[in-house]
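First up is the structure itself, then whatever we jot down about it.
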Amino acid sequence: MKKIFVLLLAALLLLISACGRQENTPATGQKETNAGTEAYDPSKTVEFEMKTSETNRIVTVGTVDKSLYSAPILITSFGQSTDAATLDTAMKRAGANYDYKPQATADEIGSYKTLVIAVGASTKGLGQAGISEKDETARAEAIMAKAKETGAQVVCVHIGGETRRGVLSDALADLVLPQCSLIILKEDANWDGKFTNYADQNQLPIILIFGQKDTVQVMTDVFGK
Amino acid sequence: MKKFSYLWKNALVLVLALVFAIPAALDFKAMQKREPIAENEALTETRMLSEYCEGLKGTPADTEIYILDSGVPGGTFLIFGGTHPNETAGMLAAVSLVENMKPTAGRFFIIPWLNKSGFTHTSPLDGMQDFFDIKLDDGSVRTFRVGNRLTNPIHQWPDRTYYEGTSGRKLVGTETAEIRNVNRMYYGNPDGVLTEKVCWGIYQLILKEGVNLTMDMHEGSPEFLYLDCTMVNEKADNPTAMSIAQGMSLDMEFDDLTMRAEFSGMKSYGLSHRSLGDNTPSMMTLMETYNPSMGPLHGKMDDDLIVGGNEPNYVEAYERGLNYFKVDDSGYPLIDRVARHITCISYLAKNYTDAHPDRAMSFEGLGSYADMVAKGLGGLLKPVGQK
Amino acid sequence: MDRELICLLVMLAVFLLANLLAKLPVSISMVLGAVAGALAGGQGIPLRHLFEGTFTYLDTILIISAAMLFMTVIQESGALEALNAVIVTRFYKKPALMLILLMFMIMFPGMITGSSTAAVLSAGALVAPVLLLIGIPKEKTGAIIAMGAIMGMAAPPINIPALLIAGGVDMPYIGFEGPLFFITIPCAVIAVLILGLKHCKGLDIEKLKAELDLEIGKKYGFRLYIPIFVLIILLVVSKLVPSLPQLGTALIFLISAAVGCFTGRRFNVWEKSLSAMETTIPVLGKLMGVGMFIQVLTLVGARGWIVVSALSLGTVMLYIFSCTIMPAFGAISSYGAASVMGVPFLLVLLQTGGSNDIVLCCMLSFLCCLGDLMPPTALAGNYAAQIVGLKYSPVLKKCVIPFLICLAAGLLCLIFSGSLSFLTA
């Protein structure tokens with residue numbers, strides 16, 4: 001009797017292990033609780049039609065007037081993500097003349113005719129810089145107010161891709177968009193059409209890129225000598 | 001008579017135990033012997049870490065530093081693998097660099113087995129292999145160890161239920177075993193536990209040799225968030241460090257390789273990139289690649305898993321949305337990971353040199369990522385006279 | 001069929017054959033299962049792995065051995081009997097409170113040794129006459145002792161299934177006290193009240209007094225309890241002031257035991273220690289066998305296979321299996337349930353998010369402990385029935401309701417582990 005019971009038990013156990021293999025639940029939606037509400041969820045792929053591709057890496061919608069972007073040029077960051085450093089490197093490789101101050105204050109930007117702003121928040125980056133989200137937003141607001149005053153041209157650069165979409169990142173982007181005359185965007189961040197719709201409605205030129213490395217080419221085209 | 005048989009019974013049990021224990025002990029003992037390393041004409045000097053921390057002398061944790069000096073004045077680059085011995089690609093990348101590198105500017109300090117004590121044991125219940133083999137192009141075979149991420153408890157025991165490292169990291173609760181983790185005890189302590197002495201050796205090496213750039217090579221299981229990623233401490237060289245790292249990241253992308261750069265966490269107390277970055281002038285970086293043999297889902301443990309890097313369990317887990325890191329059918333062979341580490345190092349040196357031409361550092365001898373992968377480990381590693 | 005599944009089958013089959021047919025001890029059966037699994041997995045006889053697995057729980061083994069010695073001292077010195085007498089004479093007017101205190105007495109040795117068998121055989125044996133005396137029927141007395149022993153096994157400081165699960169996922173055994181008390185104390189209280197309360201109203205104290213050993217407490221007074229206080233104080237101090245030099249749990253037990261040798265009735269320390277160790281060795285052997293078994297399970301990839309299979313069950317099924325298969329596995333060994341099922345289940349449940357790893361581990365271990373009531377081995381049930389002089393089926397029948405309540409409580413805590421994370425602080 002004992003033996004039969006135990007053998008049955010073992011069989012049951014194996015059955016469970018075995019039947020687990022057969023059913024295949026879809027991958028999406030499994031990770032909801034871990035990812036939180038607003039954060040990007042890598043296990044979910046949002047299907048949308050991309051204009052750029054592996055072979056057609058840079059797509060410009062509208063006309064970019066290069067003459068608008070005269071020196072002196074400042075690169076700064078809204079959100080202290082690593083994207084500003086990428087921009088710094090890309091501009092260097094483009095051979096452009098510029099200053100790089102990721103934490104520039106409104107007082108420092110008075111003399112610049114062109115502001116290139118890397119938009120995208122990183123909690124790690126803010127932590128590293130010792131800046132709170134509130135202070136960063138205040139700095140961004142002050143810079144935008146100052147830029148309105150000086151009439152500097154603003155370029156909105158969002159090259160962090162879909163991982164760089166979230167409450168703070170979007171709020172910072174919303175500060176820059178109304179004053180910018182050009183958007184440069186890594187296209188996978190546009191899954192909800194946020195940036196292309198804005199550009200369309202406001203007749204703004206937008207340069208879509210496929211990967212971060214394409215920033216080098218775009219910077220060369222727009223700011224290169 | 002009864003007493004006699006009782007004695008015999010006990011003696012028999014003891015003998016039986018010894019019959020099994022002695023071969024097992026020999027097996028464990030074999031792990032205490034370091035792998036040979038092939039000669040390289042460009043190698044200038046070999047030192048021991050104890051030259052920078054007296055307390056390491058004669059201990060199982062003292063480890064070799066291979067110095068390759070180009071003779072051309074420039075910067076100093078410290079590269080180490082084996083901080084966590086089970087993260088195999090870091091150690092093999094360091095060995096490959098020592099055996100193949102021809103420095104053309106600056107000096108390179110390379111340590112393949114940083115936690116040497118950790119290489120002498122494996123982690124219980126993980127079913128890890130102790131050794132794995134690489135067949136070279138000339139037909140010879142080289143054998144390497146897979147160790148444990150922590151110092152061997154035989155060399156440092158017991159773990160204290162409370163310990164505060166020099167970084168201010170408090171080891172208590174779930175972290176007590178980390179007192180044997182090199183990458184939690186920086187910047188070390190010459191009078192502390194053995195693991196801290198290793199950390200202190202690195203700290204002193206950076207200060208005494210004026211190291212400009214440091215790379216700590218790691219791997220992680222697919223559950224880990226920062227894979228194919230390099231952590232950078234900006235503080236020492238703000239904000240150029242991140243631009244240098246992003247330059248590396250762009251260069252890797254031009255080679256169709258992913259290697260994002262990320263800021264070092266502010267609370268990563270005791271980790272190399274944080275504590276050494278905060279306390280030395282060196283730019284600190286730490287790189288991670290994916291190692292399927294390290295995760296709790298791993299399947300059968302064999303050379304194929306360690307060298308081939310293919311784990312169907314993780315492919316399935318990824319498809320079910322359970323890991324962040326994309327794992328596909330093709331696996332992530334050891335050679336790909338080794339080549340990725342070396343390529344990252346070479347681009348970091350290049351971008352560092354671009355930013356600081358007076359501290360130039362560059363090397364040849366290993367080729368591009370594609371060259372290394374085409375050669376395979378069998379071509380990258382040199383024969384050491386074993387048959 | 002997957003190769004890993006074949007290895008798993010071979011390991012289970014050899015284990016069961018050796019244990020049930022060849023009547024070998026669980027520990028030896030596990031060794032044989034491990035060796036067979038390694039052979040089936042194409043690993044030969046991996047001596048290194050067998051040894052490595054065996055010594056995984058060395059720290060735990062030291063703690064259990066020391067705790068067992070302490071238990072023996074407390075029992076032999078008369079402290080437990082004195083406590084019984086105090087409880088009955090002080091609390092006979094409040095039967096509910098008295099029953100609860102007696103339940104804690106039964107739990108105590110289980111708490112510190114982590115073994116339900118130890119609880120049944122030591123405190124269970126002492127409390128059983130008291131329970132019968134106050135009019136609780138035999139089968140219910142047996143059920144109370146069995147349930148108490150199991151709650152004691154699950155309660156902190158030592159819960160071996162929790163240790164096994166935590167060890168399996170590289171989690172130190174720290175911060176488990178809160179959640180384990182949270183689940184075991186209410187369950188123990190409910191169990192003893194359901195089983196015993198209606199039988200002990202209007203007790204005759206004079207009749208009870210005649211049966212109790214009232215002398216031992218009077219003879220030695222407070223000093224009888226000194227070792228218990230030493231133990232509690234040292235454990236608490238080491239927890240509250242971590243920066244003091246740490247003695248370690250094993251040494252704390254040994255110190256308290258040494259103190260106990262001089263605070264009560266005299267006994268032959270050497271002989272009693274030897275016999276205490278003899279009863280513990282099978283438990284220690286099981287731990288070593290379990291370590292070896294899991295090491296091989298991991299080596300041949302069967303553990304990863306079980307986890308990935310469990311992953312595909314979906315969360316709901318996983319919860320259902322946690323409260324059915326895991327306790328059912330206790331029919332073989334509750335330790336085995338913890339390491340074979342508990343470890344992968346924990347890994348998978350962690351992935352569902354919003355959970356607390358320590359609470360999950362505690363609740364899974366609690367469900368494993370309930371397995372000690374599962375026939376045919378039913379360790380706790382069997383010994384408890386022996387003590388009251390019955391076969392084990394009537395005793396087990398009385399356990400059904402409290403058992404189901406415990407199961408439900410465990411499952412609820414498992415599901416809402418995230419909200420219980422405050423317990424781990």
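All chains are named by letter (A, B, ...) in the order of the sequence lines, taking the proteins before the strands, and each is independently numbered beginning at 1.
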Taking atom [atom1] of [X] as the centre, report whether more than 12 heavy atoms of other residues, nucleotides or ligands fall under 6.0 Å from it.
X        : atom1 : answer
A:Gln103 : CD    : yes
A:Lys194 : NZ    : yes
B:Lys350 : NZ    : yes
A:Lys113 : NZ    : no
B:Lys326 : NZ    : no
A:Asn97  : CG    : no

Part of A:Thr215 within contact of chain B (heavy atom distance under 4.5 Å) =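 Neither; nothing under 4.5 Å.
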message = When you compare the side chain of B:Gln246 with that of A:Thr82, does any pair of heavy atoms fall below 4.5 Å?
response =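 Yes, their side chains come closer than 4.5 Å.
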message = Would you say that A:Gln80 contacts B:Met242 through its side chain, given a criterion of any heavy-atom pair below 4.5 Å between the two side chains?
response =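 No, their side chains stay 4.5 Å or more apart.
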key: Pair B:Asp255 + A:Lys213, salt bridge at N-O below 4.0 Å   =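 Salt bridge: no.
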inquiry  = Whether B:Asp354 and A:Arg93 form a salt bridge (side-chain N of Lys/Arg under 4.0 Å from carboxylate O of Asp/Glu) is what I want to check.
reply    =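 No.
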query = At their closest point, which heavy atom of B:Glu262 faces which heavy atom of A:Ser122, and how far apart are they?
reply =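 What the structure gives for the nearest pair is OE2-OG, 4.3 Å.
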message = Using a 4.5 angstrom heavy-atom cutoff, name the option from B:Ala245, B:Ser249, B:Ser264 with the most pairs to chain A.
response =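 Top option by heavy-atom pairs under 4.5 Å: B:Ser264.
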request  = Without swapping roles, check the side chain of A:Thr89 against the backbone of B:Ser243 for a donor-acceptor pair under 3.5 Å.
outcome  =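 Present.
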inquiry  = Working to the nearest 0.5 angstrom, can you tell me the gap between A:Lys124 NZ and B:Met231 CE?
reply    =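 With rounding to 0.5 Å, NZ (A:Lys124) is 2.5 Å from CE (B:Met231).
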key: A:Thr86 side, atom OG1; B:Glu253 side, atom CD - distance, nearest 0.5 Å   =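 The CD atom of B:Glu253 is 9.0 Å from OG1 of A:Thr86, to the nearest 0.5 Å.
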